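This structure is a prediction, so every number in the text was calculated from the model and none was measured.
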Amino acid sequence: MKVSVLCETIQATQVIGYRFDQSHVPHEKQIKFQLYEWAELKKYDAPTRSQFLFEADYLILSRWYAPGDVLKMLDAARQNSKKIFLHLDDYLFSVPPSIGINKWRHYSSDKMLKALHMAAELSDGVIASTDFLAEQLKSTFPQIRVLTLPYWKSFDPKMCPSSELFRRSYPVVGYMGTQTHAEDLELILPDLDQLLHRNPTLVLETFGIDIPKSLSEKYPNRCSTLPKVESYEKFQSVLSSLGWWLGLAPLTKNTFNYCKTNTKFVEYIQAGIPVLASDFGPYVNTPSISCIPSLGDHFSWLKSIEKLLFSRKQRDLLFATQLEYCSKFSDSDLLVEFYRSIAA
């Protein structure tokens, strides 16, 4: 089976979603995902674009619904007797300003929202990356057909290093994410300030996002921002080599975040890093501090981070529980069956 995937440019979303390992899937059942960038494809005339896109069994619009072009693409699919699906891994109908003012203006503009509604309503279905996103879509737009993926980011136990394999000799706590997550990091700034104040050997690092000035100026020798990387594949490799004792995943409470994927959590575990995450949205069912009875029921970022840093045994226990949880995202047969079934 062949599936065409159209996106603006190939980014992490497409690498995560369509370049998952199919080596254990029988060859006759494997799906060839052909990724096309609109930035390049739009240079060709309509017949040539159709030849590229519709030689496949069906077409997926991966977060792509360009105003002025999406209706033409929907019409082209009908003319070629092909099904067409819109894939969303975020609730793009309600993007908060916290993602950055320029991105917010882009996604929340009338023309973008109109195009998004059109793509969702006229496609053969909307593919949702999470149950929570599917739930929100069905509630807000009951007329839209919603198809829910069995899971989003694939996890490969074979590529997961031991949580202590690259561990540095001194305690390092880290946060990784893009600058669009600045508000999430700010959520725990007071706790991080106290953490650094109370533990003079502790180092705090961020990867993909700048360390807040309030911390970097107060603790200049123990706070650093790691250089960004060019590709998603390199990102995962670098993350695995950082030697962080603990990775943080705070999340502010809003509808947009509620519908997000658990990608950050899986990426941490894939890199051999135990995670402390907010009990909200994509992380609500993930094993966290509550799986360690000795830490008690009351959650405090400061106290929870300290107790994990001070006990290798508890870090190992947390990581082992989280590793087992992530193993259920390693069955690529489930993803292949999903994409094959929607062609019926």
Side-chain angles (χ1 to χ4, degrees), residues 12 15-16 19-21 23-24 151-178 181 184-185 188 192 195 199 201-209 222 224-251 261-278 282-283 285-292 295 301 304-332:
V15 174
I16 292 170
R19 290 181 177 168
F20 60 92
D21 181 20
S23 60
H24 296 293
Y151 64 87
W152 179 226
K153 178 174 170 54
S154 290
F155 178 77
D156 187 351
K158 302 188 303 298
M159 299 298 291
C160 181
S162 163
S163 62
E164 299 295 324
L165 185 60
F166 298 113
R167 186 174 69 93
R168 286 189 234 174
S169 57
Y170 52 89
V172 186
V173 173
Y175 177 85
M176 61 87 174
T178 63
H181 292 278
D184 297 329
L185 186 55
I188 59 171
L192 294 176
L195 184 71
N199 300 276
T201 63
L202 177 69
V203 168
L204 174 67
E205 293 181 349
T206 56
F207 184 28
I209 184 173
R222 294 191 288 133
S224 60
T225 298
L226 304 174
K228 296 179 182 178
V229 294
E230 297 177 358
S231 68
Y232 183 75
E233 292 87 348
K234 189 174 182 181
F235 156 79
Q236 191 68 61
S237 175
V238 172
L239 184 64
S240 299
S241 69
L242 295 180
W244 290 353
W245 287 24
L246 187 65
L248 306 177
L251 198 61
T261 68
N262 65 351
T263 298
K264 188 189 297 288
F265 187 95
V266 178
E267 287 169 340
Y268 274 133
I269 301 305
Q270 189 73 74
I273 303 170
V275 192
L276 198 58
S278 290
Y283 309 135
N285 295 317
T286 56
S288 193
I289 206 74
S290 59
C291 74
I292 306 175
L295 293 183
W301 282 94
S304 299
I305 293 172
E306 285 188 331
K307 290 193 175 183
L308 285 170
L309 290 179
F310 297 157
S311 173
R312 174 175 175 173
K313 181 179 179 180
Q314 290 182 331
R315 281 199 310 277
D316 287 346
L317 173 60
L318 178 62
F319 181 76
T321 308
Q322 293 175 334
L323 181 62
E324 182 179 359
Y325 169 82
C326 285
S327 66
K328 65 182 180 179
F329 307 130
S330 60
D331 186 357
S332 53

Check against side-chain contact (heavy atoms from CB on, under 4.5 Å), L202 and W245: CA-CA 10 Å; L202 177 69; W245 287 24; over 6 Å; no
Which atom of E306 lies closest to which atom of N199, heavy atoms considered: OE2-ND2, 3.1 Å
From S224 atom OG to F207 atom CZ, the distance as rounded to the nearest 0.5 Å: 12.0 Å
Least distance between heavy atoms, I273 atom then L239 atom: CD1-O, 3.8 Å
Heavy-atom donor-acceptor pair, Y175 side chain to P250 backbone, under 3.5 Å: no
Nearest atoms (heavy-atom pairs only) where V238 meets S241: O-OG, 2.7 Å
For residues 262-270, please give each side-chain donor-acceptor pair under 3.5 Å, one per line with the distance, not counting sequence neighbours.
| from | atom 1 | to | atom 2 | distance (Å) |
| --- | --- | --- | --- | --- |
| T263 | OG1 | T261 | OG1 | 2.7 |
| K264 | NZ | M176 | O | 2.4 |
| E267 | OE2 | Y232 | OH | 2.5 |
| Y268 | OH | M176 | N | 3.1 |
| Y268 | OH | L248 | N | 3.4 |
| Y268 | OH | L248 | O | 2.8 |
| Q270 | OE1 | D156 | N | 2.9 |
| Q270 | NE2 | D156 | O | 2.7 |

Test log, rule side-chain contact (heavy atoms from CB on, under 4.5 Å), inputs V172 and L242: CA-CA 9 Å; V172 186; L242 295 180; over 6 Å; no
side-chain contact (heavy atoms from CB on, under 4.5 Å) between S278 and W301, intermediate numbers included: CA-CA 9 Å; S278 290; W301 282 94; 3.5 Å; yes
From OG (S330) to CZ (F20), nearest 0.5 Å: 13.0 Å
Distance in Å, F319 CZ paired with L246 CG, rounded so as to fall on 0.5 Å steps: 12.0 Å
Minimum side-chain heavy-atom gap L323-C160 below 4.5 Å: yes
Non-neighbouring partners of R168 that pass salt bridge (charged side-chain N to carboxylate O under 4.0 Å, His left out), sequence neighbours left out: E205
Residue pair R167, R312: steps toward the side-chain contact (heavy atoms from CB on, under 4.5 Å) verdict: CA-CA 11 Å; R167 186 174 69 93; R312 174 175 175 173; 3.9 Å; yes
Pairwise distance CZ(R315) to CG(L318) - rounded to 0.5 angstrom: 10.0 Å
Closest contact, heavy atoms only, I209 versus T225: O-CG2, 3.4 Å
side-chain contact (heavy atoms from CB on, under 4.5 Å) partners for S231, two or more places apart: E233, K234
Exercise: identify the closest heavy-atom pair between Y325 and P287: CG-CD, 3.4 Å
